[in-house]
Amino acid sequence: MQGTVQATIDSGSTAWMLTSSALVLLMVPGLALFYGGMVRKKNVLATMMHSFIAMAVIGVQWVLWGYCLSFGSSHGGVIGFDASLLGLSGVPHTRLFGDKGIPELVFVMFQGKFAIITPALISGAIAERMKLRSYLVFIVLWSTLVYCPLAHWVWASDGWLFKLGVLDFAGGTVVHIAAGFSALVLAILLGPRRDHRPGGGHAIVPNNLAFTLTGAGLLWFGWFGFNAGSAVAVEAPVSGAVAGLAFTTTQAAAAAAALTWMLVERLHQGKATSVGFASGIVAGLVAITPAAGHVLPVNALALGVVAALVCYVAVQQKNKTKLDDSLDAFAVHGVGGVVGAVLVGVLCFTPVAGVLQGSFAQLGKQLVGVGVSIGYCALMTLALGLLVKKLFGLRVTEQTERDGLDIAVHGERGYHLES
Amino acid sequence: MQGTVQATIDSGSTAWMLTSSALVLLMVPGLALFYGGMVRKKNVLATMMHSFIAMAVIGVQWVLWGYCLSFGSSHGGVIGFDASLLGLSGVPHTRLFGDKGIPELVFVMFQGKFAIITPALISGAIAERMKLRSYLVFIVLWSTLVYCPLAHWVWASDGWLFKLGVLDFAGGTVVHIAAGFSALVLAILLGPRRDHRPGGGHAIVPNNLAFTLTGAGLLWFGWFGFNAGSAVAVEAPVSGAVAGLAFTTTQAAAAAAALTWMLVERLHQGKATSVGFASGIVAGLVAITPAAGHVLPVNALALGVVAALVCYVAVQQKNKTKLDDSLDAFAVHGVGGVVGAVLVGVLCFTPVAGVLQGSFAQLGKQLVGVGVSIGYCALMTLALGLLVKKLFGLRVTEQTERDGLDIAVHGERGYHLES
Amino acid sequence: MQGTVQATIDSGSTAWMLTSSALVLLMVPGLALFYGGMVRKKNVLATMMHSFIAMAVIGVQWVLWGYCLSFGSSHGGVIGFDASLLGLSGVPHTRLFGDKGIPELVFVMFQGKFAIITPALISGAIAERMKLRSYLVFIVLWSTLVYCPLAHWVWASDGWLFKLGVLDFAGGTVVHIAAGFSALVLAILLGPRRDHRPGGGHAIVPNNLAFTLTGAGLLWFGWFGFNAGSAVAVEAPVSGAVAGLAFTTTQAAAAAAALTWMLVERLHQGKATSVGFASGIVAGLVAITPAAGHVLPVNALALGVVAALVCYVAVQQKNKTKLDDSLDAFAVHGVGGVVGAVLVGVLCFTPVAGVLQGSFAQLGKQLVGVGVSIGYCALMTLALGLLVKKLFGLRVTEQTERDGLDIAVHGERGYHLES
Amino acid sequence: MKLIIAVIRPERLEAVQEELQKVLDEDDNYRITVDAVEGHGAQHGEVELFRGQAVRPRMIPKTRIMVGVNDKYVEPTVQAILRAARTESGGAVGDGKIFVTPLDECIRIRTGERGGGAI
Amino acid sequence: MKLIIAVIRPERLEAVQEELQKVLDEDDNYRITVDAVEGHGAQHGEVELFRGQAVRPRMIPKTRIMVGVNDKYVEPTVQAILRAARTESGGAVGDGKIFVTPLDECIRIRTGERGGGAI
Amino acid sequence: MKLIIAVIRPERLEAVQEELQKVLDEDDNYRITVDAVEGHGAQHGEVELFRGQAVRPRMIPKTRIMVGVNDKYVEPTVQAILRAARTESGGAVGDGKIFVTPLDECIRIRTGERGGGAI
Ligand SMILES: Nc1ncnc2c1ncn2[C@@H]1O[C@H](COP(=O)(O)OP(=O)(O)O)[C@@H](O)[C@H]1O
Ligand SMILES: Nc1ncnc2c1ncn2[C@@H]1O[C@H](COP(=O)(O)OP(=O)(O)O)[C@@H](O)[C@H]1O
Ligand SMILES: Nc1ncnc2c1ncn2[C@@H]1O[C@H](COP(=O)(O)OP(=O)(O)O)[C@@H](O)[C@H]1O
């Protein structure tokens, strides 16, 4: 994209990008386990399927037109398009991506996994009550009309936010703010589950927290591809210094956030829960995402601590309301994404200086990026949500919700452990 | 193998091949979860152990003589052998593999994982009723007398099918057709489970479909190593353009097939099951395997759609018979492998042109490859199956089948969730 | 560290080290599943959390001071220290590690994962009864005062055991002997679980052996990073011949050991259990760890066989005593680590010759390394264990132990599968 | 004293508990024991699909409640269960059944108390 | 009316259901409630191995069936269970037991019907 | 003959079995059937935390035992349960309850034997 074009393939960079793409794909089953463990037994499959379905449908959409819209030639910095990119027909497998020494197809794949996981993240807010058909249509529309433009604005070299200088290393705005705030709007449109009670209650208990912990572990693992692979945007070889930095800050932030959440919860509630610990992991990973290649490891620790504190408070506050963000997609991804995207402006040292080094300019840009993402995603989700509601309705019937979506929608039960 | 020999190691290619080998190994636990979730609770461990045992026994066999028979100097294109390869004693760790810039040992390992997973795939057809001892002996014999020769024919540079020009990028014939048709024969020899009823029934329900979905996710993830790692046969650096292409087509076919299966099942049966979705994933991955580095991404989508349709019909047809291919090893791997191996001849554009580009020659070669694989595997499995039956019997006692293999054979129960 | 410094980054080596670091991290959730499946239902989360907590707390400690103590400038070969390494503040992300062509931060991360998993391994001996607070404090102290010095002695180029010539490719002494013997001491200090009976009993049954098998699979997968990544100490490019050798021997030893355990158990007890098989996998992996880059593949098979036999006997012997090494951390990691560390001296062929090739010198050095590790770890663990006992007590209350740690300590239950 | 055993729809348990609370005790301490069972009757279970085939479960998940009551509470308890366990709009196949069996003795383990006071 | 409670081997449930169907109703709508229990008696459970040691389970998995029947169906029901639940070749330790207890009242929740007709 | 049904704390099962063994049979073959249930009574369950909120379980896990005994064994059995199931230091809320119900008939499936000898 930028700079001189390297004529030959760099096998090391390509190796790392292939690996990273695979790692990001693995985050989807990881998310399925993370979310699937937290719902009631009768909805475990339906919840896992939300993530898996995104692999299939966005997997196809990305090849057909998603990549084209996100990374095709820019039309005014607003949207990409190249007829030759539809179906990737105009991307010979031997064509390299910019000066990074990797095949463009590998870049396509890496970006495609991001496009897959983002709508899957949203599904945490709508668990246990959304219609399958509506979910499917919604995520295709959302990916096309929300994700692709936003990715273009922030990551394409001609995107208007990119040109403005907004930093988003691996998806604080494009992925987490987008997913988190869209989740919020969709949860409001859907309304709470019939057993949801502000302040807790008896009825909603997680079916399998061992799955949730395992899912969090897979997410942590896959996130190294997510963040360290995103060095593809800034450096050749891709598996170089920035990738190493991003890997390190990712690890530091996740560890610090998990530890913080555990300690805070222990102090505040008297017990350190595994769900809290897992939420801490995710909050740290989310918050470091926009910052991974821009901050020092020790500042990543601080970022992790702050993210855990803020998200913890967000979860607590949300619990007092009627809002049923069932698995905290908003409180962790939305809020954590904002924390990260803003703090980049404070903590960054490369390629530009942040507040810590006396420069306030970047912070301003970050606020613009955050504001634009929130506004665009919230409005568009509202519009798309209402459209889908009009077309198919958003919620399953009360009977289906009571019986569980597994049996009613998928004709299956998650477990048969009786005999 | 072909061409000039590169004198030095290529660290990027080696990195990718190490990663790919590890990824393919992970497919085995993935398969264990995929299969293990679909059997009854009383057989979950026995079923998972089928896969795990292959890791151990073929892991040893491959080092001792498997690699030697598959990739040793060719004897008439029919079988390989080099005394120096027995126990890998004659492979100094510094020796490179052909012109690919990777240590030969890394190639040995990569291929060894394929040898492991192939018999493990077969185990899907014989679940819940085969004797452990017979399984163990069978897979050692099968791997030695079926897998190794076939791998030699198709993949060794002097193998007769290779010289004929049969294309099999990553194992459509050697792995999937071989496993699928051997599974068919073995399932017939074994006979159905006592509770098996054509057209369904009450008794056989899956114990944990969350495992099955997770397993499918791990398979998808690992398959990137399987297919994109197989670029080792055709290009240096290995982590280059062909690997990128194979990665892309793998993703596209899996996504398209899963989506297709879901939609077809919804239309045909009224519900979109998670098992169907997972079967779609696997069908797509199977069918793209022989084609991964030979077809365009958009054609991979088409291949995925066709594979899902054909395998869906195959499962439906099989369900009307008495054949108890318990976890659809034949209907997915056998049939999907044929779909892929044949369609390569239609869709391929590199290194040779297929029917789409007006050339029918390759299709003919593919049909030969498919026919030979089916014939050889079916006959040999029949012979070996009968031999093992004669020696030890194939089936557990009726009492063991009723009580479950976990407690009867392994002295364990999968879960203790009572208190 | 040693030798001439390579001025530029090697993207292939870096790709492999990033991958390896991620793989080693994944071993921690793998261990959580492996251990978590073997405890009673009421302790599944608490047991998994032991591993996860190590990711968080040692993750932070390693960045703050762990790396500094292990790999800072040596003070008399006994401990490392550089003020500039505290918080990694003095490690610019562009600085390379020695002559290996990888960023130093990547080396920091790779080593950090080892520091994380080692205390997590210990947790197998103290399952179902240790206080959370005491565990947390203990592992921080232990990592700082036991792990870091030992890593310095054995792996830092100025460490006294390193200079003595002790070989420990990937952590036979530093990781497995250290964890295993510390586990033994801690288990003695804690005393047995209230339901523990020498020779078996009714009460203690594993809640989910499918988890245990899956965990063993993830460990096997991750171990390729552990061992083949450890080529970083000896060769550039890192993803080269030694990495390939280490990968091969790892695979061979694990397969041989699992097969051996299965056969021995079948002969000795009449059944081949999945837990036994999984223990065999781990025993083989543990034993090959110190030897991975030093022995031939065929000798790795032999090493795996011996490790399985010795560890099998160790488990049997331990079962006759009152010692409650709940999940066999000592019998597998401690004993297996000794087997491996000693047999290196017998089987090694590179970079020095062992007994097999007629030289007894290395064996002597290995015995010193083993003896020193055992002595230091046992004594220090005794001291730290008594200290923590004095400060907070080691055991939960009897009521908590009876009710289960999940509900009492974490306020959660692992499963809600009732309705 | 009677031991009342009722088989109801799982999703009705919450409602039944609320009604029982009203009749059995002014505060929260009505006493009841519940377990998950499977039933077979006129109602047919949800068909499941497995590997492309319909699997018709022989049994349907039900919830069973067991309440020991003094004689004068028998009828109120039965009525409470009837009110809460019956599907809206007049009952549906599968709503379940109430069995009333004689109870000779009841002993509170905590105190050793016997008879009506121990219920 | 009687409430018949039988403890049987889990693998015999299918056969028992088939026999009950014959005696209780011409079509499929015989009524029964089943749960999984654990029993201790003369029979000893399958030994499990765990980490190299034999673990002897105190309890053996059993299936319990509960059937409410009118008096004239008591004997046929008992006979049906006996026929189907007994291990081939004359019964084996662990085949289980049938308990017949009095049933004072039976109410169909759907309709509120009482007595014999509601069974 | 009586059918004794007791609801106890799960952690007391082992002790109860030991006591029953003493009174019901000199060797190990006392007979009992056990299942896991959930109870609601004076005792309140352990609060769980889920996603930052307290989840107060309506029900508490309990263990239910069912023993069929001949009349002269009723009192010893009740006493054995009382001894073993009561929390040390004089009983605590949640210790549970014993119900004694009449048993009209008991049949051993293995042999078809009936009455007191079959218990
Ligand atoms: N006579 C009986 N004995 C045992 N259980 C019964 C009996 N009658 C009904 N049940 C239980 O009640 C449940 C509902 O009965 P069903 O026949 O489906 O409903 P209804 O009586 O309202 O038509 C059954 O699944 C079964 O568990
Ligand atoms: N008196 C009893 N009270 C409660 N349950 C009993 C009684 N007798 C038998 N059972 C149940 O029946 C099962 C089989 O009993 P067992 O003594 O093993 O068989 P058998 O009577 O044929 O010798 C036991 O496991 C237990 O669950
Ligand atoms: N009348 C009853 N009917 C049904 N179950 C009861 C009854 N009384 C007590 N139980 C069972 O016994 C358990 C303990 O009762 P609880 O009231 O907590 O203890 P206590 O009677 O010692 O105060 C309850 O959870 C419930 O399962």
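So you know, we letter chains A, B, ... as the sequences are listed, proteins then strands, and number each from 1.
- Inter-residue side-chain proximity for A:Asn207 and A:Arg40 is flagged as unmet; no heavy-atom pair is nearer than 4.5 Å.
- Heavy-atom pairs under 4.5 Å with chain B peak, among A:Leu105, A:Leu132, A:Val108, at A:Leu105.
- Looking at B:Thr212, neither its backbone nor its side chain comes within 4.5 Å of chain A, counting heavy atoms on both sides.
- Heavy atoms of A:Ile116 lying under 4.5 Å from chain B belong exclusively to its side chain.
- With a 4.5 Å cut-off on non-hydrogen atoms, B:Val238 does not touch chain A at all.
- Considering only heavy atoms from C-beta on, A:Val232 comes within 4.5 Å of A:Met17 through its side chain.
- Among A:Gln111, A:Gln61, A:Glu104, the one residue that satisfies the side-chain hydrogen bond (donor to acceptor under 3.5 Å, both in side chains) test with A:Tyr67 is A:Glu104.
- Taking A:Val60, A:Leu45, A:Leu18 one by one and counting their heavy-atom pairs under 4.5 Å with chain B, the maximum is reached by A:Leu18.
- In this structure, A:Phe110 and A:Gly229 approach most closely via the heavy-atom pair CZ-C, 3.4 Å.
- Applying the ring pair (Phe, Tyr, Trp, His ring centres under 6.0 Å) test to residues at least two apart or on different chains, none of the pairs has a partner in residues 17-45 of chain A.
- Side-chain contact check for B:Ser13 versus B:Lys100: every heavy-atom pair is 4.5 Å or farther apart.
- Both the backbone and the side chain of A:Ala22 have a heavy atom closer than 4.5 Å to some heavy atom of chain B.
- For A:His93 and B:Phe247, the ring centers sit 6.0 Å or farther from each other.
- With a threshold of 4.5 angstrom between heavy atoms, A:Thr19 approaches chain B through its backbone and through its side chain.
- Within residues 291-301 of chain B, the residues having any heavy atom less than 4.5 Å from a heavy atom of chain A are, in residue-number order, B:Pro297, B:Val298, B:Leu301.
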Solution key, residues 48-56 of chain A side-chain donor-acceptor pairs under 3.5 Å, sequence neighbours excluded:
none

message: The test is side-chain hydrogen bond (donor to acceptor under 3.5 Å, both in side chains); show your working for B:Trp16 and A:Thr14 and say whether it passes.
response: CA-CA 8 Å; B:Trp16 176 237; A:Thr14 305; over 6 Å; no
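- Top candidate by heavy-atom pairs under 4.5 Å with chain B, chosen from A:Pro92, A:Gly87, A:Gly12, is A:Gly87.
- Both the backbone and the side chain of B:Trp220 come within less than 4.5 Å of a heavy atom of chain A.
- Contacts of residues 252-265 of chain B with chain A at a heavy-atom distance below 4.5 Å involve B:Ala252, B:Ala255, B:Ala256, B:Ala258, B:Leu259, B:Met262, listed in sequence order.
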task: Verify ring-ring contact (aromatic ring centres under 6.0 Å, His included) between A:Tyr147 and A:Phe114, making sure each step is shown before the conclusion.
output: CA-CA 10 Å; A:Tyr147 183 83; A:Phe114 282 64; 8.2 Å; no
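- Side chains of B:Leu213 and B:Ser274 form a contact here, defined as non-hydrogen atoms less than 4.5 Å apart.
- With respect to B:Arg194 and B:Glu401, no salt bridge is recorded, no charged nitrogen being found less than 4.0 Å from a carboxylate O.
- Heavy-atom pairs under 4.5 Å with chain B were tallied for A:Arg95, A:Arg413, A:Lys113; the largest tally goes to A:Lys113.
- Using a 4.5 Å cut-off between heavy atoms, A:Ala408 contacts chain B through its backbone alone, with no side-chain atom that close.
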